[in-house]
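Just below is one structure, and these are the notes that go with it.
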Amino acid sequence: MSDLNASGWKPGTPVDGHNAMSGPDTTTGNRALMLEEPLIFEIGDTETTGVDFDFASRLDLAGVIQPEQPTPASETTSRLGNFGRKSEIGLPGLTEPQTVRHYTRLSRQNYAIDLGLFPLGSCTMKHNPRLNEKIARMPGFADVHPLQPTSTVRGALEVINELAFWLIELTGMHSVAMSPKAGAHGELCGILCIRAALEARGDAREVILVPESAHGTNPATAAFAGYRIENIPANEDGRVDLEALKSRLGPDVAGVMITNPSTLGLFERDLKAISDAVHDAGGFVYCDGANFNAIVGKVRPGDLGVDAMHINLHKTFSTPHGGGGPGSGPVVLSEALAPFGPLPYTARTKDGVVHLVEEEDALSFAVEHFGGPLKHFGRMTAFHGQMGMFTRALAYILSHGADGLKQVAEDAVLNANYILRSMEDVVDAPFAKAGPCMHEALFSDKGFAEGLSTLDLAKGLIDEGYHPMTMYFPLVVHGAMLVEPTETESKATLDQFITAFRSVAERAMAGDECLKAAPHYAPRRRLDETLAARQPILAYKTPAPDGSSTGLGAKYGGG
Amino acid sequence: MRYLPLSDADRASMLEKIGVESVDDLFVDVPEEARLDGPIRGLPTHASEMAVEKHMRRLSKKNLAAADAPFFLGAGAYRHHVPASVDHIIQRGEFLTAYTPYQPEIAQGTLQMLFEFQSQVARLYGCEIANASMYDGSTACWEAVAMASRIARGKKKKVVLSGALHPHYAEVVRTMAKFTEDEIAGAPPSLTPHPDDDGLIARIDEDTSCVVVQYPDILGRLPDLPRIAEAAHEKGALLIAVNTEPVALGAIEAPGNLGADIVVGEGQSIGVGLQFGGPYLGLFAIRDPKHVRMMPGRLCGETVDAEGKRGYVLTLSTREQHIRREKATSNICTNSGLCALAFSVHMTLLGEKGLRALAAENHRLACLAADQLGAIEGVTLLNAHFFNEFTLKVGRDARALVRDLADKGVLAGVSLGRLYPDSDGLDDALLVAVTETTTEEDIHTLCAVLKEALS
């Protein structure tokens, strides 16, 4: 890659016949408002800083206080012993204007929900209200330490408890463990609760049943908790095969992990029957709650016999996804699992005070207020969970209220069915006859011309100005395309998307070779993912000394 | 309902297109007995922006913010100044409201940022490769232990934890290891001026997959990493170094340069803020690139596009849950992308020069505080060495002391009794952290109230 200049632009690169960039190449590599941006390692250096310190004059770069400064003798002696840093770190610095410009330019190469429809199935990309951002930044929430004495964080504990109350009511469950840091972390929490409950009754079971259509995190989670995984097949209309599941139940089965609504966009009609069968066999039911958005305010999982379910606050209750996180995955628990939830937890006592059962002595607190010691299975994370997500989720819930949340589910399901019915005459919808879809519509690549794939259609949608849907998932459908519009899209937006989706799909059916080179208009053409995996470059390396590169790389040879 | 754009007319025409009479016809697969009629009883209906803000502000005001008191808490979460441009950049909608970069052609902003972040973390830790972040330091610590077990291929079953590893981190490891086959060897911390390196080394044997050492440790002391690394490597074990205060690495040597094989930690100090415990930012790096396929979490890699331009993609995903299911290296599906951005922006603003200056100032103020507090009658400074956090023995129950001082408006530190509720002999120890946000006046105030409380 030595022929790339600092910005990654390669002058005179030949472009293929389908390049729709009709103008000549530019000297800079920029394309008008779309600017090429080098790495901070190529434009920064170790002498530049964008922060002014009041104390800069007292310091030298080795971190030793200058002896000529008028400080008492005892302060001039470092207490680092022999541990002082001797090596260069090699961290580039930029001034504030350079920094703001660097990241602003990078931001312009991202698609985001603020720019348009983001129909990723099972990811629930909905509008992120800015009120929630404002609230999360209130000093009483943003600037408090997790180990402050609880007398100084009563409001924060009330936020946790108020959110917990809503989650319990909306799911019809007994209690909630708030600390899991993300959906998959919540899955782990739920499975560990199940394991702890089984062990408490001296019942060592080894198997977790996972339907084929499950999220990949489900089997990974159960394996991490020490279980053996067995798959349960789907029946003809894509739902869990109840008879197959029943016939597998036995004294070795700890439980089942089921996603409802499923990743096929369908409601598992038999969930209550599944739960009853699993309970009769002495096991527990874990529900993957990633798709709770479709049923919030319409159905309570607790009424269907679920024992544990994580709730992705960032999805259903809209906290920003931030390019991949942070998430937040509280787990609601049935009465049978409630005593086993992890530390730390909050509890409101009869006097109305919310306690953090951690600063208190957990054992004696439980005996005093709950009549016996709790049997928590341990701790999943250092502190109380994603407080910054709790405030956002609570603000979202209060804004909608019980009536609005019900409307959320209805509009999300309406929007998805509208897309399903507007597309099914053009694109194969394998489960369209299995009943209405929930909040996401599933299509397949059946009927695409030879050589054209779901990937090509997705890249074609990028040229139309849309982030593509989820591709190749769920795995049970060939060339799957899972579209989730969410409730925060207007009918006009859906109509525009449907027009674009239909047109690209028709081109895929007709064998339009141009799609194979898409996207043509994105900041990058199709990226070579095979090369990235075969020859991994995972950190910036300083170019070789004979390279013409300037800046940090040249100064720190060997990087 | 201001977030819902469909009008009743829209809904009617869409239902017509779908061919059903009412929206309830779309929920026919939900068993009738499980369907809810109308909003759930006991829950209020929707509220205006003004009403929600008012309610939340009222709750916010019931908390004492760190900025409003002399503040000395650490123990895994630190208060530092975050430049205003950090929050400005992370609130740009293109970063804030983007998702996992599954379509790299239209996610280069997030991807290039993650590549830069990985490069910054690798250099800070003295390692070759860092991942694109994890939930927080404590979960990263467990993932490092799990990775070491994978590398040992189940042949070594023992995990040796330093007694001075953050007790919450140790508890996360113990909790998770209960469900795997790892055996955990740990000990309560020793209240001595130097960490118990000898005791730790004595517990390493041929069956040890990894040794976990915090640096600086939970009491603020500095363990002798090169010596521990040598002892671990001699027995074929990996050394995992855990850092909860990345600012320290501006002043003390990087763990990767001292023999640590896996370095993990909490990145909250740079750019993220206290937030009552989360979201935080797990950092994870390895020294030997040959272990990369055993790493958990996301990785961003450099490649080229069809025109030969440099670009970035998520890579080596064959380790991950969505491909490997139950054989994946971890079940993690997300990362702390936005926190990683905040870290990266703040680190870029600091640069090497700024980070070193910041670290030096933290250390200077900590020395000042240690001298003044240690001189109070009845108080003993425990540490021989420290960076910006140290332990005081105060001669009475420190949990009660912390509560008493909070009533006087001073957040004095973290009592070891709160961190180790089940251990005897740690009750009179108080952990005090000092950062650049601490003023000399704050230190004088703490001295004054402490003197009064102990007299």
Side-chain angles (χ1 to χ4, degrees), chain A residues 8 46 49-50 59 63 81 83 91 93 103 106-107 109-114 135 138-140 143 145-146 149 152 154-155 181-182 184 216 219-221 223 226 229 267 322-327 378-379 382-384 386-388 401-404 418 436 490-491 522 524-525 532 537 539-540, chain B residues 5 10 14 26 29 39 43 45-46 56 59-60 62-65 73 89 93-94 96-98 100 105-106 108-110 119 122 135 138 168 171 175 179 251-252 275-279 301-303 305-306 310-311 315 321-322 325-326 328 331 333-334 337-338 349 351-354 360 385 406:
Chain A
T46 54
T49 179
L59 307 164
F83 299 94
L91 291 170
Y103 288 100
L106 287 187
S107 74
Q109 299 179 23
N110 266 4
Y111 193 93
I113 193 71
D114 279 3
I135 286 169
M138 289 175 177
D143 193 27
H145 192 284
T152 66
R154 293 281 173 220
K181 294 282 208 174
T221 294
I229 316 305
F267 192 87
R379 179 184 286 272
F383 303 119
H384 328 306
Q386 309 288 63
M387 187 64 195
D403 52 336
Y418 184 65
S490 68
K491 180 171 178 294
R524 282 292 179 271
R525 303 293 299 278
I537 302 173
Y540 178 78
Chain B
D10 291 334
M14 291 165 77
L26 299 175
D29 288 326
L43 296 180
T45 53
H46 63 280
M56 297 301 283
L59 291 177
S60 159
K62 289 177 150 188
N63 304 317
L64 178 59
L73 278 78
I89 288 164
E94 303 92 327
L96 185 77
T97 73
T100 302
E105 294 84 2
I106 47 172
Q108 285 298 301
T110 291
S119 305
Y135 306 140
S138 64
H168 291 176
E171 208 178 322
T175 297
F179 302 96
I252 60 175
Q275 307 197 82
F276 199 50
E302 186 179 308
T303 187
D305 78 350
R310 183 171 68 183
T315 191
Q321 34 72 26
H322 59 279
R325 293 173 70 94
E326 65 266 30
N331 76 328
C333 178
T334 187
L338 201 65
L349 282 165
E352 176 135 358
K353 183 177 182 177
H385 301 114

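Every heavy atom of this structure was used, including side-chain atoms; hydrogens, water molecules and symmetry mates were not. Just so we're on the same page: letters track the sequence lines, and every chain starts at 1.
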Which one of B:T175, B:D305, B:L64 has the most heavy-atom pairs closer than 4.5 Å to chain A? B:D305
A:G401 backbone acceptor or donor facing B:T45 side chain under 3.5 Å: no
Which heavy atom of A:A223 sits nearest to which heavy atom of B:E326, and what is that distance? CB-O, 3.4 Å
Can you tell me which of A:N110, A:L106, A:I113 forms the most heavy-atom pairs within a distance under 4.5 Å of chain B? A:N110
Which of A:F383, A:Y418, A:F267, A:F83 touches chain B most, by non-hydrogen pairs under 4.5 Å: A:F83
Under a 4.5 Å heavy-atom cutoff, which of A:G140, A:G226, A:G323, A:G388 has the most pairs with chain B? A:G323
For chain B, find which of A:S490, A:P326, A:G81 contributes the most heavy-atom pairs closer than 4.5 angstrom. A:P326
Please find the pair of heavy atoms, one from B:A98 and one from A:Y111, that lie closest to each other, and give the distance. CB-O, 3.5 Å
Pick whichever of B:G351, B:G93, B:G277 has the most heavy-atom pairs under 4.5 Å with chain A. B:G277
Who among A:G324, A:P139, A:A402 has the most heavy-atom pairs with chain B under 4.5 Å? A:G324
With a 3.5 Å distance limit and no angle check, can you tell me whether A:R525 reaches the backbone of B:E105 through a side-chain donor-acceptor pair? no
Counting only heavy atoms closer than 4.5 Å, note whether B:T315 contacts chain A via side chain, backbone, both or neither. side chain
For each of B:C333, B:G311, B:A122, B:G337, tally heavy-atom pairs with chain A at distances under 4.5 Å, and name the one with the top tally. B:G337
Search all heavy atoms of A:R524 against all heavy atoms of B:R310 and return the closest pair with its distance. NE-O, 2.7 Å
Would you find a donor on one side and an acceptor on the other, under 3.5 Å apart, between the side chain of A:T49 and the backbone of B:L349? yes
Under 3.5 Å donor-acceptor, A:T152 side chain and B:N63 backbone: no
First locate atom NZ of A:K181, then atom OH of B:Y135, and finally report the distance between them rounded to the nearest 0.5 Å. 10.5 Å
Do you know the tightest heavy-atom contact between B:T334 and A:A182? CG2-CB, 3.3 Å
Measure across B:D29 and A:P436 and return the closest heavy-atom pair with its distance rounded to 0.1 Å. OD2-CD, 3.8 Å
May I ask you to decide if A:Y540's main-chain N or O and B:S119's side chain share a donor-acceptor pair within less than 3.5 Å? yes
Check whether B:N331 reaches the backbone of A:A184 with its side chain - one donor and one acceptor, N or O, closer than 3.5 Å. yes
Enter the distance from B:E94:CD to A:Q109:CD here, rounded to the nearest 0.5 Å. 11.0 Å
Quick one: of A:G155, A:G327, A:G50, who has the most non-hydrogen atom pairs under 4.5 Å with chain B? A:G155
Tell me the closest heavy-atom pair linking B:H168 and A:A382, and the distance in Å. ND1-O, 2.8 Å
Can you check whether A:D114's main-chain N or O pairs, donor with acceptor, with B:T97's side chain at less than 3.5 Å? yes
Could you look at B:L26 and say if it's the side chain, the backbone, both or neither that has a heavy atom under 4.5 Å from chain A? both
